[in-house]
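Worksheet: one structure, shown below.
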Amino acid sequence: MRLRALHDWTLTTAEARDLQLKLAPKINTKTPLKPWRTVAAADVSYNKFDPWLYAAVVVMKADTFELIERVGVVREATFPYVPGLLTFREAPAVLEAFAQLKTTPDVILCDGQGIAHPRRIGLASHLGLWLNVPTIGCAKSRYIGEYDEPGPERGARSPLVDDGEVIGAVLRSRAKVQPLFVSAGHRIDLEGAISVVLDCAVKYRIPVPAAAAHGFVNELRRAAVEGKPLPV
DNA sequence: GCGACAG
DNA sequence: ATCTTGTCGC
């Protein structure tokens, strides 16, 4: 798919934060979700103390979760993991995978926060600007914000609030599992983000496409470590 | 100064 | 993020 190069990725941590402040006003979290036929998910894996990143994106049909396409990328990390700057570590590899995609998905699930971020521009939001496709932040744990524990039933949710602002939702994707932290990425509103996550979490806590992307990046990583040919 | 801190 | 078997609870 086509993507727009908005800026360089070789930055210092101070420059990265400045860039986030500059880009944050461009994030759109008011657009209602339109009917979606395909859904993509992106993920990254790596070994601690190793510079290699294994990134992938999978695209599936929204109704059956039939795999339409998937792309894997192996790339050297150029940025450390710094809370608040996860984007600068993972996005370059993820975007490379998206660039190789033949199709353009209707909506994208990202492993991390959307606007539930100190500067309101987490990984999902930032990727949305580059991809110009609705993106959703679907994190497995809290980064910022306060909330009350949602009820134990599937679909139960409670607002995630920071500085008096609702920045996302704490969502129980399946009965009695640990909740997911869902926030709008870009070009989608919170309700739309929640409905996609819920529609995709049909068997386990993690949405089907996200689980597939996670499984794929781990396959890539293990194959690479054993010197085997990388799965395509 | 202390504690928190997506992946 | 990753290293890992069994074990507790529904």
Side-chain angles (χ1 to χ4, degrees), chain A residues 9 13 16-17 20 23-24 27 29 41-57 72-97 108-128 135-147 151-154 156 160-163 167-186 190 193 197 203-207 209-211 213-226:
Chain A
W9 287 107
T13 54
R17 290 189 187 91
Q20 290 181 323
L23 296 178
I27 300 300
T29 60
D43 198 10
V44 173
S45 168
Y46 57 88
N47 289 309
K48 205 176 175 179
F49 307 123
D50 237 320
W52 297 103
L53 294 184
Y54 304 87
V57 50
V73 161
V74 181
R75 198 183 201 279
E76 212 151 3
T78 59
F79 204 93
Y81 169 68
V82 178
L85 302 179
L86 174 66
T87 298
F88 298 87
R89 176 173 178 75
E90 300 195 349
V94 168
L95 288 171
E96 198 174 312
I108 300 167
L109 287 164
C110 305
D111 192 7
Q113 314 291 344
I115 63 163
H117 178 280
R119 291 168 290 282
R120 305 295 185 261
I121 179 163
L123 176 64
S125 300
H126 205 131
L127 287 176
T135 54
I136 296 164
C138 183
K140 296 179 294 301
S141 65
R142 185 200 76 109
Y143 177 25
I144 63 164
E146 300 168 348
Y147 64 95
E153 75 278 14
R154 165 178 156 91
L160 182 63
V161 178
D162 177 56
D163 200 18
I167 57 175
V170 184
L171 178 68
R172 197 83 67 185
S173 57
R174 300 293 295 169
K176 295 175 218 170
V177 298
Q178 287 299 310
L180 258 19
F181 294 76
V182 180
S183 56
H186 179 48
L190 180 57
V197 171
K203 193 167 166 56
Y204 304 110
R205 174 168 90 117
I206 306 299
H214 192 258
F216 187 30
V217 291
N218 281 324
E219 264 187 65
L220 285 174
R221 180 172 55 82
R222 287 165 185 149
V225 167
E226 294 172 32

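Keep in mind that this is a model prediction, so the values were computed, not measured. The analysis underlying the following values was restricted to heavy atoms, covering all of them including side chains, and did not include hydrogens, waters or symmetry mates.
- Using a 4.5 Å cut-off on side-chain heavy atoms (C-beta onward), A/Arg174 and A/Tyr204 make no contact.
- Ring geometry, A/His126 versus A/Trp9: the interplanar angle falls from 30° to 60°, so the pair is classed tilted.
- Here the shortest heavy-atom pairing between A/Ala55 and A/Leu220 reads O-CD1, 3.8 Å.
- Listed pair A/Asn218 / C/dT2 meets the phosphate criterion, a side-chain N or O lying under 4.0 Å from OP1 or OP2.
- Within the 4.5 Å cutoff, the side chain of A/Pro207 has heavy atoms near those of the A/Val197 side chain.
- Among residues at least two apart or in separate chains, side-chain hydrogen bond (donor to acceptor under 3.5 Å, both in side chains) pairs with a member in residues 44-54 of chain A are A/Ser45-A/Asn218, A/Ser45-A/Arg221, A/Asn47-A/Arg221.
- With hydrogens and angles ignored, the 3.5 Å screen pairs a side-chain donor or acceptor of A/Thr135 with a backbone N or O of A/Ala124.
- Ring geometry, A/Phe79 versus A/Phe88: the interplanar angle falls from 30° to 60°, so the pair is classed tilted.
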Per-nucleotide protein contact along nucleotides 3-10 of chain C, 5' to 3', at a 4.0 Å heavy-atom cut-off (B base, S sugar-phosphate only, - neither), is S------S
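- Residues A/Arg154 and A/Arg172 have side chains not in contact (no heavy-atom distance under 4.5 Å, counting atoms from C-beta outward).
- With sequence neighbours excluded, the residues forming a salt bridge (charged side-chain N to carboxylate O under 4.0 Å, His left out) with A/Arg120 are A/Asp162, A/Glu165, listed by chain and number.
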Readout for nucleotides 2-7 of chain B: B = base within 4.0 Å of protein heavy atom, S = sugar-phosphate only, - = neither; 5' to 3' it is --SBBB
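- Taken together, the pairs of DNA chain C form no segment extending over three or more consecutive Watson-Crick or G-U pairs closer than 3.5 Å at both contacts.
- Applying the side-chain hydrogen bond (donor to acceptor under 3.5 Å, both in side chains) test to residues at least two apart or on different chains, the pairs with a partner in residues 73-92 of chain A are A/Arg75-A/Glu96.
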